[in-house]
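Order of the sequence lines fixes the chain letters, A, B, ..., with proteins taken first and strands second; residue numbering starts at 1 for each chain.
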Protein chains: 2
Amino acid sequence: MDSRYLRAFVAVAEHGGISAAAQALGYAQSSVSAQLKRLEADLGVSVLVRAGTGTVLTEAGGRLLPYAREALELEERMRRTARGDRPRLRIGTQESLAHVWLPEVLAALEYGAGGADTGPDAGADVVLTVASRSTLERAFGAGELDLVFEYDNGLRSVRPHAVVGHDRTFLVASPSHPLARQETVTPEQLLAHEFLVAEPGCTSEMLVDRFGADLLAGAQQTLLQGSVAALLRLLGHGHGITLLPELTVARELREGELVALPLTEPLRPVSIVAQWHPRLGAAEHTVRTLLDLARRADPLPEVTRTARAS
Amino acid sequence: MDSRYLRAFVAVAEHGGISAAAQALGYAQSSVSAQLKRLEADLGVSVLVRAGTGTVLTEAGGRLLPYAREALELEERMRRTARGDRPRLRIGTQESLAHVWLPEVLAALEYGAGGADTGPDAGADVVLTVASRSTLERAFGAGELDLVFEYDNGLRSVRPHAVVGHDRTFLVASPSHPLARQETVTPEQLLAHEFLVAEPGCTSEMLVDRFGADLLAGAQQTLLQGSVAALLRLLGHGHGITLLPELTVARELREGELVALPLTEPLRPVSIVAQWHPRLGAAEHTVRTLLDLARRADPLPEVTRTARAS
DNA sequence: GTGTTGCCATCGCACTTTCCGATGGGGCTA
DNA sequence: TAGCCCCATCGGAAAGTGCGATGGCAACAC
């Protein structure tokens, strides 16, 4: 069994067709077609249904796909290990966490690795990818990321592997914003103003959870994907209001550049969660260290959160 | 990367040479030599040192070996899963456990699988291998076994994955044996008689642990490997004494065919332990069920053992 | 020292695999 | 019906993969 066949199969499954897969892999279409034919002959089952438009996996193909991905992952790890390269840890996270929290954690990791144990197992090469939640989920599922840090507002069904921190969310705006001068802010008043949204879905989800679907249906939302810094600057100019975790806006709140809107009730607490694949190989030790450091960097430790809640 | 290269590499590592590996794999020596050359070119490191006599792994080769084994294992599981075959669970155990205890556990597994959930994940095909401890260890290490049940006398350094049962050991002999007629038996008296040994190392280990190395040095030992039944029959004819777990000789003791020698102090308790590879794939569910059943079939549950000990 | 033995690398040769571009069938859409 | 996209298949070039034969090297026996 040649891993090229598996690579071809995974590419076809991901791109939805042989031609697209061939282009992605740098082969001629006929070559990928032949590779799949050989794969099927080798396995003894057909893994694809060739439709007029594209291809779909058979039941056997669906069973094969996760194994094929795992085999390719394993081959990659095997190569690195045999060469004696440092293990590689591909971390993914959303911008709001990459903005303030994660750099602290990673810095602590580098410091720790450079200090006491600079042996052969000193640590892993870290590759950090910042992207939207949906992109992270896709990349994690496709095996392109080993470890993902995300905010979890408790409204999604996916179970996190571990909770590593806690935080709260605020509705924030510039001190010059009309709502900032009020004693209290009601949901109806919020609606009259523009929302800046950093991550599609997330903000709406929490606002709907807090105020109900009807109220939010008509609110004007502006999406500013990919740069929390840009969003904060826009906000600083008195433009719109936004929903962000305390972690992200702590400095701005402290220095008075932004203010939290005086809502009658606090918003839902959120947690920082980590997800990883069970098979990390040599990078496992680094992940454990990293999770420990992350828990130590918890911006709002569980005890504090519980105390404030009670 | 072709898995044939990995198979060749593992074979060379196991057989200690290219020629032997080629013979084992059914290739010409020159072919295996070329395969390894390609493997090394592919990885970018040399994995073997070609000595005048045989070959030895380089450091990189040592790192590669477990990955190569794992990759071959994974390919095997991938094939089975893609074809829709039932997962396969290769169990290994020693004869003393295969004699009485394990069949009960496996029977319960089959019964349970055939009963309630006869769905697509009904269970795994079980392949049972009975062998000596050393053979089991080798086969487990080489990835030829998924799950191993063994007696653990607590005198070895290997840590078991799970303890699934407890038992005691007895020195037993035929009622017609000279020692069986005595009120008490001392270590010195034991020495004057022949020992039948079912498993090399194990019996001696426990006797040395109990009575000291000096005493046992001169004892006559007859090895009867591979058949507890034959050993018991020989014992039944008044021939020698042996050390066996209660489980194995319970029926014979109950029916008076054999008697436990009246030692002044009880022998060391032993446990039944299980070891398995962390990556079982679809057979994982079956292993969990099996371990549950094994614990339920504990011949001497922990509470009983503790009560008797106190 | 010399011959023998066993191990591995290399070479030449035959066969197979693997890739490509070109061609053609089949379904979808305009 | 024409155009388009998708995939299978074909022929030929190139690379890979197998075998047996040969030779170098180290260890061992005498």
Heavy-atom nearest pair, B:L43 first then B:M1, reads CD2-CE, 4.0 Å
Closest to the 5' end of DNA chain D, once A:D2 and A:A20 are matched to their nearest nucleotides, is A:A20
Using ring-ring contact (aromatic ring centres under 6.0 Å, His included) as the criterion, list what pairs up with B:F9, not counting sequence neighbours. none
Counting only side-chain N and O atoms of A:K37, is one of them less than 4.0 Å from OP1 or OP2 of D:dT9? yes
When the distance from CG of A:L39 to P of D:dC7 is rounded to whole Å, what number comes out? 16 Å
Would you tabulate the nitrogen or oxygen pairs shorter than 3.5 Å linking the protein to nucleotides 19-25 of chain C?
residue: C:dC19; atom: OP1; partner: A:R4; partner atom: NH1; Å: 3.2
residue: C:dC19; atom: OP1; partner: A:Q35; partner atom: NE2; Å: 3.4
residue: C:dC19; atom: OP2; partner: A:Q35; partner atom: NE2; Å: 3.3
residue: C:dC19; atom: OP2; partner: A:R38; partner atom: NH2; Å: 3.1
residue: C:dC20; atom: OP2; partner: A:A28; partner atom: N; Å: 2.8
residue: C:dC20; atom: OP2; partner: A:S31; partner atom: OG; Å: 2.3
residue: C:dG21; atom: O6; partner: A:S30; partner atom: OG; Å: 2.9

Inter-residue atom distance A:L39.CG - A:L64.CG, 0.5 Å rounding: 6.0 Å
Take atom CG of A:L36 and atom C1' of D:dC6, then tell me their distance rounded to the nearest Å. 14 Å
Write down the distance between CG (A:D42) and C1' (C:dT18), rounded to a whole number of angstrom. 15 Å
Just wondering, are more than 12 heavy atoms of other shown residues or ligands nearer than 6.0 Å to CD in B:E194? yes
Under a 4.0 Å N-O cut-off, is there an ion pair linking A:E73 with A:R69? no
More than 12 non-hydrogen atoms from neighbouring residues, nucleotides or ligands closer than 6.0 Å to CD on A:E284, yes or no? yes
When every non-hydrogen atom of A:R50 is compared with those of A:K37, the smallest separation belongs to NH2-N, 4.4 Å
To the nearest 0.5 Å, atom CG of B:L290 lies from atom CG of B:L106 at 6.0 Å
Euclidean distance, atom NE2 of residue B:H15 to atom C1' of C:dC8 [Å, nearest integer]: 17 Å
Rounded to whole Å, please give me the gap between CZ in B:R50 and C1' in D:dG24. 15 Å
Could you state the atom-to-atom distance from CD1 of A:I18 to C1' of D:dT9 in whole Å? 12 Å
Identified salt bridge (charged side-chain N to carboxylate O under 4.0 Å, His left out) partner of B:E144 from the options B:R88, B:R138, B:R90: B:R138
Any side-chain N or O of B:S33 less than 4.0 Å from the OP1 or OP2 oxygen of C:dC8? no
When the C1' atoms of the five terminal pairs at each end define the local axes, what inter-axis angle does the helix from C:dG1-D:dC30 to C:dA30-D:dT1 show, to 10 degrees? 20°
